[in-house]
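Fair warning: this is a prediction, and the values are worked out from it, not measured in the lab. Nothing fancy with the numbering, it's 1 onward along the sequence. Read the numbers this way: they start at 1 and go in the same order the structure lists the ligands and their atoms.
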Amino acid sequence: MPKYSLFSAFTQFIKPTFLRKMIVSKFGGTSVGTFEAMQRSASIAASDPDRKLIVISATSGTTNDLVALSADDLSSTKREELLGNIEERHMDIIKQCKEREKLEKSFQEQLSELRDHLDFSGRDKKWKDTLYAFGELMSTKIFVEVLKENGVDAQWLDAREVMKTDSTFGNAEPIWDSIQQQAEVHIKRGQAYLTQGFIGSDVFGNTTTLGRGGSDFSASLFAEAVDADTLEIWTDVAGVYTTDPRIVEEAFPIKEISFDEAAELSVFGGKVLHPATLKPAIRGGVNVRVASSSDPDNPGTYIVKETDEKPVIRAISLRKEQTLLTVNSLEMLHQYGFLAHLFKVLAEHKISVDLVSTSEVSVALTLDTAVNAANKVDLTDDVLEELGRFAEVQVEEDLALIALIGNDLQKTSGIGGPLLTSMEDYNVRLVCHGASPNNLCFLVNQDEAEEIVRMLHGKFIKG
Ligand code: ADP
Ligand code: ASP
Ligand code: MG
């Protein structure tokens, strides 16, 4: 963070509201996962009065616990264990707050509402979204007090008042016009707010969610809606790295990355940002910064329209739990309409396809079947049966998608050769090159994927 002189600090704090910048700051699960983490995040929020809209996730682990609680075959022992985890995690924080009595009371009320909800019989996708929303509703109730203790008088805002979506439970589509209208009604310039990421509501008032990891997306939608100057994503790593630092020790944070590259990186598995995060920010001309809440002086990564440097390969991303669907139909030889028919069936079942490789009579396509994917695909028996009516279908699981992210990859010569040579010891199931200037991706066996990412990082990423 920049160091302020006394003069600049003074002018910053007395600036009239209309001249103030507006920053939307999102803190992820680990940044609000413990009392200490909440304190660090609250002091970041307090250190710049322009941080007017704070969006947070559930405390880390809570959404996973809630997802586990939604399982059909849950034993009562497991249910109590999961509820116990949630209670312990939140009570640990509450016990260290000044307003512990008030917070304990409201938390216990939420917990008993959660128990009531679990007893409810209609366990459909709508029921699940209401269940998952408890995580963000619980964390914000506590964090609003922690903010107060740190001098930030933020108003608690129910995100569902503003974040209007369609009724695709589990993966709801935001309705932009309604979000903007509601933001004008509920968010006053000059006032500070704390709200929930991930959750929204449909036209009937039902709670919806934006898909796993969706708080980044919420924050970006809020930033666009309030015409923010900057969106800050505060997380547990110091920015967007050249690849997941948990997999490659030598990975390092990228100082500046373009919107296009960062968008591809997140779509292809860079969990640091939800895949849809950058769309609203780009539309709204909002600057994006990704930084670590435990190292706030480190500038992290700025995501900008144009970067000074445009390396051909900037980063590598990895997405596990991918499925390859191969559809063969000899009848389609020299016939038109095969692809159209295939994609019609997939669209009817709301299946989104990632990579596609085609030949005259067969098509191979990849689907994101990862449990925690933002846009998880359910390859149901119904779809397979319908495809089976006109083609032979083969399903291969446990694959991983690796993407090289960079610039002008489709036009640069000399990439394919060294890449394929370096992959000669591995089985490459599918390659997609040429469709996008910002990525080159391929499918490999999941159990070799991390080793391949480490090898490619060593060969192609320059520090
Ligand atoms: P939050 O809870 O703050 O949203 P996430 O766990 O969703 O945090 O995202 C941060 C994690 O993303 C990091 O801990 C890291 O392991 C992972 N990650 C994957 N790819 C990247 C990347 N290219 N740069 C940084 N982090 C990455
Ligand atoms: N709490 C939600 C999740 O774990 C949303 C988020 O963290 O972004 O998926
Ligand atoms: Mg996240």
> Do W156 and T140 have side-chain N/O donor and acceptor atoms under 3.5 Å apart?
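Their side chains do contain a donor-acceptor pair, which is all the 3.5 Å distance test asks for.
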
> Name the closest protein heavy atom to atom 2 (O) of ligand 1, giving the residue it belongs to and the distance to 0.1 Å.
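Scanning the protein heavy atoms, the shortest distance from atom 2 (O) of ligand 1 goes to G29 N, 3.1 Å.
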
> Considering only the protein, which heavy-atom contact is closest to atom 3 (C) of ligand 2, and what is its distance?
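Scanning the protein heavy atoms, the shortest distance from atom 3 (C) of ligand 2 goes to R212 NE, 3.4 Å.
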
> Within the 3.5 Å criterion, strictly below it, is a donor on T301 or Y241 matched to an acceptor on the partner's side chain?
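Checked: T301/Y241 side chains show no N/O donor-acceptor pair below 3.5 Å.
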
> Nearest protein heavy-atom contact for atom 15 (C) of ligand 1: which residue, which atom, what distance?
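Sorting protein heavy atoms by distance from atom 15 (C) of ligand 1 puts D244 OD1, 3.4 Å first.
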
> Can an N or O of G213 be found at a distance shorter than 3.5 Å from an N or O of ligand 2?
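By distance alone, the answer is yes.
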
> Side-chain donor-acceptor pair under 3.5 Å between E87 and Q108, yes or no?
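E87 vs Q108: donor-acceptor pair found between side chains.
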
> Judged by modelled atom types alone, do T209 and D129 share a side-chain donor-acceptor pair under 3.5 Å?
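Side-chain D/A pair, T209 to D129: present.
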
> If you define the side chain from C-beta out and look only at heavy atoms, does anything of F107 sit under 4.5 Å from K141?
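Heavy-atom side-chain distance check fails, nothing below 4.5 Å.
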
> Got N407 and E261 here, is their nearest side-chain heavy-atom distance under 4.5 Å?
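They are in side-chain contact.
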
> Just need the protein heavy atom nearest to atom 11 (C) of ligand 1, so name the residue and atom and give the distance.
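Result: D236 OD1, 3.9 Å.
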
> For ligand 1, is there an atom lying under 4.0 Å from some heavy atom of G213?
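The answer is no: ligand 1 sits nowhere under 4.0 Å from a heavy atom of G213.
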
> I need the atoms of ligand 2 closer than 4.0 Å to a non-hydrogen atom of S57, numbered in the order shown.
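With S57 as reference, the close atoms of ligand 2 come out as 6 (C), 7 (O), 8 (O).
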
> For K26, which part has a heavy atom under 4.0 Å from ligand 1: side chain, backbone, both, or neither?
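Answer for K26: side chain.
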
> Can you sort out which atoms of ligand 1 are near Y241, meaning under 4.0 Å from one of its heavy atoms?
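Answer for ligand 1: 22 (C), 23 (N), 24 (N), 25 (C).
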
> Determine whether L430 and F442 make a side-chain contact, defined as any pair of heavy atoms from C-beta on separated by less than 4.5 Å.
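No. Closest side-chain heavy atoms not under 4.5 Å.
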
> Under 4.0 Å from a heavy atom of V240: which atoms of ligand 1 are those, numbered in the order shown and with their elements?
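Heavy-atom distances to V240 below 4.0 Å select 24 (N).
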
> Taking heavy atoms and a distance under 4.0 Å, where does I233 meet ligand 1: side chain, backbone, both or neither?
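No part of I233 is near ligand 1 at this cut-off.
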
> Any nitrogen or oxygen of R246 lying under 3.5 Å from a nitrogen or oxygen in ligand 1? Just yes or no.
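Yes; at least one N/O pair falls below 3.5 Å.
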
> Under a 4.0 angstrom heavy-atom cut-off, which atoms of ligand 1 come close to P245?
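So the atoms of ligand 1 that pass are 25 (C), 26 (N), 27 (C).
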
> Would you say the side chains of T323 and T369 form a donor-acceptor pair under 3.5 Å?
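Distance-only check passes for T323 and T369.
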
> Taking distance alone, with N or O pairs closer than 3.5 Å, would you say K26 contacts ligand 2?
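No.
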
> Which ligand 2 atoms does E136 reach within 4.0 Å, using its non-hydrogen atoms?
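Answer for ligand 2: 1 (N), 2 (C), 5 (C).
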
> Which of these passes salt bridge (Lys or Arg N to Asp or Glu O under 4.0 Å) with E145: K102, K98, R100?
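Going through K102, K98, R100 one by one, the salt bridge (Lys or Arg N to Asp or Glu O under 4.0 Å) with E145 is satisfied by K102 alone.
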
> Starting from atom 6 (C) of ligand 2, which protein heavy atom do you reach first, and at what distance in Å?
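Sorting protein heavy atoms by distance from atom 6 (C) of ligand 2 puts S215 OG, 3.3 Å first.
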
> Do me a favour and list the nearest non-hydrogen protein atom to atom 6 (O) of ligand 1 with residue, atom name and distance?
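So the nearest neighbour among protein heavy atoms is K271 NZ, 2.9 Å.
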
> Is G214 close enough to touch ligand 2? Criterion: a residue heavy atom under 4.0 Å from a ligand atom.
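Yes, G214 has a heavy atom closer than 4.0 Å to ligand 2.
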
> Quick one: nearest non-hydrogen protein atom to atom 27 (C) of ligand 1, plus distance?
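Checked against all protein heavy atoms, atom 27 (C) of ligand 1 sits closest to V272 CB, 3.8 Å.
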
> To the closest 0.5 Å, what do you measure between NE2 (H457) and CG (L404)?
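These two atoms lie 11.0 Å from each other.
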
> Taking N or O atoms only and a 3.5 Å limit, does D216 qualify as a polar contact for ligand 2?
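No, there is no polar N/O contact under 3.5 Å.
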
> Could you tell me if S258 and D260 have a donor-acceptor pair between their side chains, going purely by distance under 3.5 Å?
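Distance-only check fails for D260 and S258.
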
> Would you say S292 and W234 make side-chain contact, with heavy atoms under 4.5 Å?
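Of all side-chain heavy-atom pairs linking W234 with S292, none is under 4.5 Å.
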
> Looking only at protein heavy atoms, which one is nearest to atom 8 (O) of ligand 1, and how far off is it?
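Protein heavy atom at minimum distance: T235 OG1, 3.2 Å.
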
> Please determine whether any non-hydrogen atom of G239 lies less than 4.0 Å from an atom of ligand 1.
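For ligand 1, residue contact (heavy atoms, under 4.0 Å) with G239 is present.
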
> Check whether any side-chain heavy atom of R429 sits under 4.5 Å from a side-chain heavy atom of L324, and report yes or no.
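SC-SC contact between R429 and L324 confirmed.
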
